[in-house]
There are 2 protein chains.
Amino acid sequence: MLTTQRRSLLLERLARDGRLVASDLAAELALSEDTIRRDLRDLAAEGRLLRVHGGALPLSPTHQPMAQRRDMASDEKQALARRAAGLIQPGMTVIVDGGTTHQALIPFLPLDLSCTIVTHSPAFAAALEPFRAVDVILIGGRLFRHSMVATGAVAQEAFSRLRADLCLLGVTGVHPTVGLSTGDAEEAALKTTMLRAAGEVAVLATPDKLGVSSRWVIAQLTALTTLVTVGARPYWLPPHITHLSA
Amino acid sequence: MLTTQRRSLLLERLARDGRLVASDLAAELALSEDTIRRDLRDLAAEGRLLRVHGGALPLSPTHQPMAQRRDMASDEKQALARRAAGLIQPGMTVIVDGGTTHQALIPFLPLDLSCTIVTHSPAFAAALEPFRAVDVILIGGRLFRHSMVATGAVAQEAFSRLRADLCLLGVTGVHPTVGLSTGDAEEAALKTTMLRAAGEVAVLATPDKLGVSSRWVIAQLTALTTLVTVGARPYWLPPHITHLSA
DNA sequence: TTTCATTTTGCACGATATTGCATGAAGCTG
DNA sequence: CAGCTTCATGCAATATCGTGCAAAATGAAA
């Protein structure tokens with residue numbers, strides 16, 4: 001590994017994860033911590049990152065909010081994201097819904113991932129910048145301010161024209177009889193369209209969403225193919241649905 | 001093996017592997033490291049690759065993530081952004097192009113700004129999250145990886161249906177006779193559409209862009225209504241164009 | 001074919017860069 | 001304050017670089 005190449009890698013990792021930890025990097029790259037420290041020192045001297053005790057942070061305020069949100073993201077979300085990242089395989093076309101749970105996926109995706117990601121979340125699309133081999137399709141529309149995703153007729157139309165292998169759907173409720181649901185009518189309608197556009201549908205559900213039903217129904221549970229949770233498989237989950245435990 | 005042939009081989013390897021290691025190549029091609037080094041030095045002098053300690057790396061802009069460019073937000077960009085932020089007034093509908101210069105606008109906008117922003121840059125859209133009174137219209141399409149903005153027929157179509165009061169356009173060249181230009185053909189076509197959709201067109205130009213012409217022309221200077229620069233008004237600027245000095 | 005200028009290549013050698021380790025200072029945590 | 005981690009510095013070993021120089025290869029002219 002060339003020195004310059006390694007430093008570029010560090011910057012990519014910083015852009016992806018929002019932070020760098022010197023000791024982790026040394027272990028992962030099989031180098032001494034001194035070398036990593038020297039890299040961080042020099043990159044900081046070039047104004048490419050902000051050196052802090054124990055590692056480095058981006059100095060661009062653009063990445064700051066996301067880093068903060070990730071820190072607030074619970075361990076549960078982290079675990080779900082780590083488990084779900086494996087669902088995205090090279091060559092696939094994947095629809096990714098908005099929400100902080102899906103944002104947490106980013107650090108667990110390999111930097112050389114080669115696939116097509118379709119999303120109506122500008123934050124998720126922007127976070128995909130370091131993944132050079134990923135083809136990003138941005139779905140436009142009027143941003144729904146609560147969740148910061150594009151909605152409306154334009155987005156509906158775009159998703160309805162699409163065929164994808166997998167849809168990572170964000171919901172606020174997974175209920176044995178009600179099915180998948182969310183709090184906003186227009187969002188629910190859009191999620192229904194997204195779900196129908198994909199062959200497989202996966203939901204990442206923190207415990208507070210299991211057995212819960214929100215006001216607007218997206219689809220019956222039969223539309224789901226994979227459920228990722230932190231604990232054991234819910235007893236009421238239909239047998240044909242794959243369950244992943246994080 | 002002919003010298004020229006060997007150098008072509010090196011470039012192929014570089015494109016395939018993403019890097020070249022001088023010592024490895026010497027062993028593999030049964031040549032001294034000196035010869036490889038000379039090859040790399042000359043190829044670097046021709047601008048075909050980036051020479052680094054131990055070997056070489058590609059210099060394609062794809063390999064320089066925008067995170068790096070963003071970090072180089074110069075004082076000039078800050079000054080331009082501060083001056084240009086006043087162009088966005090309450091109630092307006094504003095088209096905002098991608099690019100780091102426009103990202104720099106964000107800190108200078110009032111948090112209670114009430115207007116409609118139309119953009120094909122997911123990063124800019126995501127950065128508008130704190131502005132609760134701003135209506136954000138996201139233009140979709142396939143993300144052009146160099147500049148991370150949506151492009152293609154979908155984006156063209158969306159912009160062509162739109163009427164806006166102001167367009168903040170990003171360009172790489174402002175030239176007295178050539179006009180506004182940029183480096184990519186598809187981007188140029190899209191920028192032309194964006195410009196035609198707005199009543200007023202403003203360009204924020206750092207000094208390195210003045211008097212410069214890039215490969216693809218967006219429009220004549222007559223299409224411009226406001227030019228923001230850091231220095232004095234360019235003498236060749238047509239009188240009908242407003243000039244703001246930052 | 002021979003001659004000669006030019007280019008290419010390999011080697012030597014001093015200079016510079018990179019890396020890991022040791023040591024003591026500085027920072028963090030409870 | 002005490003224990004631990006992280007950091008900065010100096011140092012030695014190794015790797016890489018640039019330059020000068022001579023041998024070999026190449027190609028054009030005699």
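A note on names: the letters A, B, ... follow the listed sequences, proteins ahead of strands, and every chain is numbered from 1.
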Pairwise N/O distances under 3.5 Å, protein to nucleotides 16-20 of chain C:
from: C:dT18; atom 1: O3'; to: A:Thr3; atom 2: OG1; distance (Å): 3.4
from: C:dT19; atom 1: OP1; to: A:Thr3; atom 2: OG1; distance (Å): 3.3
from: C:dT19; atom 1: OP1; to: A:Arg6; atom 2: NH1; distance (Å): 2.7
from: C:dT19; atom 1: OP1; to: A:Arg6; atom 2: NH2; distance (Å): 3.2
from: C:dT19; atom 1: OP2; to: A:Arg6; atom 2: NH2; distance (Å): 2.9
from: C:dG20; atom 1: OP2; to: A:Ser32; atom 2: N; distance (Å): 3.2
from: C:dG20; atom 1: OP2; to: A:Ser32; atom 2: OG; distance (Å): 2.8
from: C:dG20; atom 1: OP2; to: A:Thr35; atom 2: OG1; distance (Å): 2.2
from: C:dG20; atom 1: N7; to: A:Arg38; atom 2: NH2; distance (Å): 2.6
from: C:dG20; atom 1: O6; to: A:Arg38; atom 2: NH1; distance (Å): 3.4

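- Side-chain atoms of A:Asp165 come within 3.5 Å of backbone atoms of A:Thr93 as a donor-acceptor pair (strictly under, hydrogens ignored).
- Annotation for A:Ala150 and B:Leu138: closest pair CB-CD2, 4.2 Å, computed over non-hydrogen atoms.
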Under 3.5 Å, side-chain donor or acceptor atoms of residues 224-233 of chain A against the rest of the protein: list the pairs with distances, not counting sequence neighbours.
from: A:Thr225; atom 1: OG1; to: A:Val201; atom 2: N; distance (Å): 2.7
from: A:Thr225; atom 1: OG1; to: A:Val201; atom 2: O; distance (Å): 2.9
from: A:Thr229; atom 1: OG1; to: A:Gly231; atom 2: O; distance (Å): 3.4
from: A:Thr229; atom 1: OG1; to: A:His243; atom 2: NE2; distance (Å): 2.8
from: A:Arg233; atom 1: NH1; to: A:Ile241; atom 2: O; distance (Å): 3.1
from: A:Arg233; atom 1: NH2; to: A:Pro238; atom 2: O; distance (Å): 3.0
from: A:Arg233; atom 1: NH2; to: A:Ile241; atom 2: O; distance (Å): 2.9

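- One finds the CZ atom of A:Arg48 at 13.0 Å from the CG atom of A:Leu40 (value rounded to the nearest 0.5 Å).
- Here B:Arg37 does not reach the OP1 or OP2 of C:dT9: none of its side-chain N or O atoms lies under 4.0 Å away.
- Among the protein residues, A:Val21 comes within range of no part of the nucleic acid, since none of its heavy atoms lies under 4.0 Å from any strand.
- Remark: side-chain polar atoms of A:Arg145 are not paired, donor with acceptor, to backbone N or O of B:Asp135 under 3.5 angstrom.
- Remark: B:Glu187 CD to B:Ser181 OG distance equals 12.0 Å, nearest 0.5 Å.
- More than 12 heavy atoms of other shown residues, nucleotides or ligands fall within 6.0 angstrom of atom CZ in B:Arg7.
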Output a table of nitrogen or oxygen pairs between the protein and nucleotides 23-28 of chain D separated by less than 3.5 Å.
none

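- Note: CZ (B:Arg41) to C1' (D:dG18) measures 8 Å, nearest angstrom.
- Regarding B:Leu25, its CG atom lies at a distance of 14 Å from the P atom of C:dG10, rounded to whole Å.
- Under the 3.5 Å distance criterion, the side-chain polar atoms of A:Ser114 are left unmatched by any main-chain donor or acceptor of A:Pro90.
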